[in-house]
Amino acid sequence: MFEHLPGGEILEPGLRDLRAGVRSVSALLIMIAAPRLARRGISIPRDLPLSPLPEHELYDLLVAEKGPEAYRFYRSLLRRLVSLENALDIRSESVGTASPKT
């Protein structure tokens with residue numbers, strides 16, 4: 001549904017993993033962005049235990065997976081997440097300011 005947006009490939013897998021209780025890279029990115037995503041109408045599962053510091057958990061996961069390259073991946077993923085958030089903001093603004101056709 002959001003794959004056409006920059007970073008949209010994060011959203012569906014992240015939400016799916018959150019619902020399944022999987023702490024994946026995508027799920028942790030969704031946890032990081034949860035407040036902003038919720039403001040844009042993205043339904044974030046409420047009954048799941050969210051990490052108090054998802055940024056730290058994400059970095060730890062990347063260290064385990066990527067070793068010395070973890071920080072580079074971490075920064076890249078956060079930039080991708082911000083791109084998604086910004087695209088959702090722009091989409092929301094354009095929908096809100098669209099004038100009805102007469």
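Below, each value reflects all heavy atoms present in this structure, side chains not excepted, and no hydrogens, waters or symmetry copies. These numbers come from a predicted model, not from an experiment.
Phe73 places none of its side-chain heavy atoms less than 4.5 Å from the side chain of Glu65. Under the 4.5 Å side-chain criterion, counting only non-hydrogen atoms from C-beta, Ile42 is in contact with Ile44. Between Ile30 and Asp17, every side-chain heavy-atom pair lies at or beyond the 4.5 Å cut-off. With contacts defined as side-chain heavy-atom distances shorter than 4.5 Å, the pair Asp89/Arg39 does not qualify.
The pair Glu9-Arg80 meets the salt-bridge criterion, since a charged nitrogen lies less than 4.0 angstrom from a carboxylate oxygen.
Hydrophobic cluster membership differs between Val25 and Leu53, with clusters built from Ile, Leu, Val, Met, Phe, Trp and Tyr side chains linked at under 4.5 angstrom. Linking Ile, Leu, Val, Met, Phe, Trp and Tyr whenever their side-chain heavy atoms come within less than 4.5 Å leaves Val82 and Leu11 in two separate clusters.
Atom CG of Leu62 and atom CG of Leu77 lie 6.0 Å apart (nearest 0.5 Å). Considering CG of Leu28 and OH of Tyr74, their distance stands at 10.5 Å, rounded to 0.5 Å. Taking OG of Ser24 as the start and CG of Leu18 as the end, the distance is 7.0 Å to the nearest 0.5 Å. For the atom pair Arg23 CZ and Met31 CE, the distance stands at 3.5 Å (nearest 0.5 Å). With rounding to the nearest 0.5 Å, the separation of CD1 in Ile10 from CG in Leu5 is 11.0 Å. Going from atom CD1 of Ile32 over to atom CD of Glu85 covers 9.0 Å, rounded to the nearest 0.5 Å.
The heavy-atom pair separating Pro6 from Ala87 by the smallest distance is CD-CB, 3.8 Å.
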Just do the side chain to side chain contact (heavy atoms under 4.5 Å, CB included) check on Asn86 and Arg36 with the steps written out, would you? CA-CA 10 Å; Asn86 290 339; Arg36 194 166 172 189; 2.8 Å; yes
